[in-house]
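Please read the structure below before turning to the comments.
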Amino acid sequence: MDWGTLQAVLGGVNKHSTSIGKIWLTVLFIFRIMILVVAAERVWGDEQQDFVCNTLQPGCRNVCYDHFFPISHIRLWALQLIFVSTPALLVAMHVAYTRHEKKRRFRNGEKIDIEELKNEKIHIRGPLWWTYTSSIFFRIVFEAVFMYVFYYMYDGYQMPRLVKCEAWPCPNTVDCFVSRPTEKTTFTIFMLAVSGICMMLNLAELCYLVLKICMKESRKTT
Amino acid sequence: MNWAGLYTVLSGVNRHSTAIGRIWLSVIFIFRIMVLVVAAESVWGDEKSAFTCNTQQPGCNSVCYDHFFPISHIRLWALQLILVTTPALLVAMHVAYQQHQEKKLLVLTGHADARHMEEVKKHKMRIAGSLWWTYVCSVVFRLLFEAVFMYIFYMLYPGYQMMRLVKCEAYPCPNTVDCFISRPTEKTIFTVFMLVTSSVCIVLNMAELVYLVVRACARRSQHHSNPSSGKGSFYGHKHSSEYKQNEINQLLTEQDGSLKDMLRRNSGLQEKGDRCSAC
């Protein structure tokens, strides 16, 4: 199971999304997952072996690296992308359940075209509307949580060039140098910006869905 | 998702591009992305591990490398290629929207059989009307991104040349320290190569822009001199505009209000499309 498989799984969900949902999925795959795989993983590739401390004390470098980087950015981004893309599976499950119900009715004697059932686009209304809206809400929550986790863990979004470490077994305070800090800061800000864009798209989609349902309700009452 | 995935996504767009657009896409994939993946990444592979400074001071190497190479060429090229290829997705989205509208119209005019639906999916969209504007915008964005990245490269690495030796004074290096870059000549050659292909792509984009504008103006002048020869059918090639208008007129006499609105809106779109196929 890799990013390609996730893309295959989510591509199926794309069919039942709104236009904004389709744009969001494209942004997710091209500007986040692709950048992560093609560029960011190389930048962070040598993060531990090129983390250099001004001491010969064995173990000091490992301990200091672990102290300043409890979870690597790359792993956090991977987790964020997985959590953010999986609420869409709630919608896929609901659609599959709706189809299963229709097939069951067909088997019980009602006339339904099986081929049409497989290909028809299911409209986002009724209980599916609630499922879809919940999935967007969860996406927004996960994005916000991970952005906060990043901010909290790394004291802001900038990668320092030099960190001063006092953990045992380092003698006194030791200077440790982070590898490629400028490049890492650039990519962190880029990923943050795209994450912000994805949140905006999700909020826009939420507003669109709520407005659509309100308009439908007002048309029904008038 | 990697370069192969991007290729799959973009080759769908290729169908609705002009001939120059297809050449541009081939140049991007063969002379830029492929060269990046197959050659340039190996050249820059040991850029940090083989960056050597004439000192044993711990941390001096890292700091000097970071000072002279804030962002690696490889990452800049990867970002440039992704940003330059994605405006084509605007066109893909617009085409998908137009196909969706055509399918809806087919359903309403009673031609919603499998053959016609397949035809809608397969037929090449003419670059006219609002699609023309979307296409032109995508080409303009491509040009803009190419130019911006070439400028960023020039700012970060003046002269596009990779030096053999750099002198570094950043803390914690004691005094001024000589640092040596790995494979500077090979890197300079690839930088120049990528710069040249980038320029070729800029030239192709400008040619495409000129071609689109000239074609639109020629179509407009042809339309003005011979108004009855308009072929701006919403469907494309099979259905004549009179046949479609007859269908619409028939349906407009029906009682359904929303149907009337939908058809009136679409026939309005068609007229607008014919007008806007010119600049």
Side-chain angles (χ1 to χ4, degrees), chain A residues 2-8 10-11 14 19 22-23 26-43 45-47 49-56 60-61 81 115-116 119 121 159-163 174-187 190 219, chain B residues 1-6 8-10 33 36-37 41 44-49 51 56-83 85-86 88-90 92-94 96-97 100 103 112 114 117 152 156 170-173 258:
Chain A
D2 57 356
W3 294 116
T5 324
L6 185 72
Q7 189 185 0
L10 291 174
N14 209 9
S19 321
K22 290 177 189 175
I23 296 172
T26 308
V27 169
L28 187 84
F29 275 107
I30 296 183
F31 291 100
R32 293 176 80 177
I33 295 180
M34 192 170 169
I35 295 274
L36 183 78
V37 167
V38 150
E41 280 185 351
R42 314 266 158 119
V43 178
D46 58 3
E47 55 179 327
Q49 78 209 38
D50 277 359
F51 182 78
V52 168
C53 290
N54 189 2
T55 179
L56 286 180
C60 176
R61 198 175 67 105
L81 289 167
E115 275 310 305
E116 204 187 280
N119 295 332
K121 182 186 161 175
M159 184 69 76
R161 213 179 241 190
L162 159 72
V163 290
V174 147
D175 286 343
C176 293
F177 299 90
V178 177
S179 126
R180 311 182 204 248
T182 313
E183 207 165 357
K184 285 176 181 173
T185 305
T186 308
F187 274 96
F190 180 88
R219 233 186 272 154
Chain B
M1 182 83 185
N2 50 15
W3 295 115
L6 187 70
T8 321
V9 169
L10 289 173
I33 294 180
L36 182 79
V37 168
E41 280 185 352
W44 268 265
D46 60 359
E47 56 176 335
K48 186 153 193 295
S49 51
F51 181 79
Q56 289 203 334
Q57 171 65 42
C60 180
N61 237 28
S62 291
V63 160
C64 291
Y65 176 81
D66 185 61
H67 182 259
F68 286 99
F69 301 102
I71 310 174
S72 168
H73 288 63
I74 295 284
R75 256 70 69 185
L76 273 176
W77 282 325
L79 279 173
Q80 180 181 17
L81 289 165
I82 291 171
L83 285 173
T85 45
T86 32
L89 295 176
L90 288 175
M93 285 190 245
H94 194 136
Y97 172 74
H100 177 72
K103 278 186 184 166
M117 289 295 197
I152 290 175
L156 284 175
Y171 174 83
C173 305
S258 59

Who in residues 71-78 of chain B is close to chain A, using a strict under-4.5 Å heavy-atom cut-off?
-> B:Ile71, B:Ser72, B:Arg75, B:Ala78
Measure A:Asp2 against the heavy atoms of chain B and call it side chain, backbone, both or neither at under 4.5 Å.
-> neither
Of A:Ser19, A:Gly45, A:Cys176, A:Pro181, the largest count of non-hydrogen pairs under 4.5 angstrom with chain B goes to A:Pro181
Measure across B:Ser62 and A:Val52 and return the closest heavy-atom pair with its distance rounded to 0.1 Å.
-> OG-CG2, 4.5 Å
When heavy-atom pairs shorter than 4.5 Å are enumerated against chain A, which of B:Gly59, B:Gly5, B:Ala4 gives the highest number?
-> B:Gly59
Any ion pair linking B:Glu47 and A:Arg42 (charged N to carboxylate O, less than 4.0 Å)?
-> no
Which distance, rounded to the nearest 0.5 Å, do you find between the OG1 of A:Thr26 and the CG of B:Leu89?
-> 6.5 Å
Candidate pair B:His67 and A:Arg161, rule side chain to side chain contact (heavy atoms under 4.5 Å, CB included), full reasoning | CA-CA 10 Å; B:His67 182 259; A:Arg161 213 179 241 190; 4.0 Å; yes
Any donor-acceptor pair under 3.5 Å linking the side chain of A:Asn54 with the backbone of B:Pro58?
-> no
Engaged part of A:Arg180 at the chain B interface, taking heavy atoms whose separation is under 4.5 Å | both
At their closest point, which heavy atom of B:Asp66 faces which heavy atom of A:Glu183, and how far apart are they?
-> OD1-N, 4.3 Å
Can you name the nearest heavy-atom pair linking A:Ile30 to B:Thr86, along with the distance?
-> CG2-CG2, 3.5 Å
Side chain, backbone, both or neither of A:Leu6 within contact of chain B (heavy atoms, under 4.5 Å) = neither
Under the side chain to side chain contact (heavy atoms under 4.5 Å, CB included) rule, what do B:Tyr65 and A:Asp50 come out as? Steps first, then yes or no, please.
-> CA-CA 11 Å; B:Tyr65 176 81; A:Asp50 277 359; over 6 Å; no
Which atoms of A:Phe187 come close to chain B, meaning under 4.5 Å heavy atom to heavy atom: side chain ones, backbone ones, both, or neither?
-> side chain
Let me know if A:Leu36 has heavy atoms under 4.5 Å from chain B in its side chain, its backbone, both or neither.
-> neither
Dump the intermediate steps for side chain to side chain contact (heavy atoms under 4.5 Å, CB included) on B:Val9 and A:Phe29, then the final yes or no.
-> CA-CA 11 Å; B:Val9 169; A:Phe29 275 107; over 6 Å; no
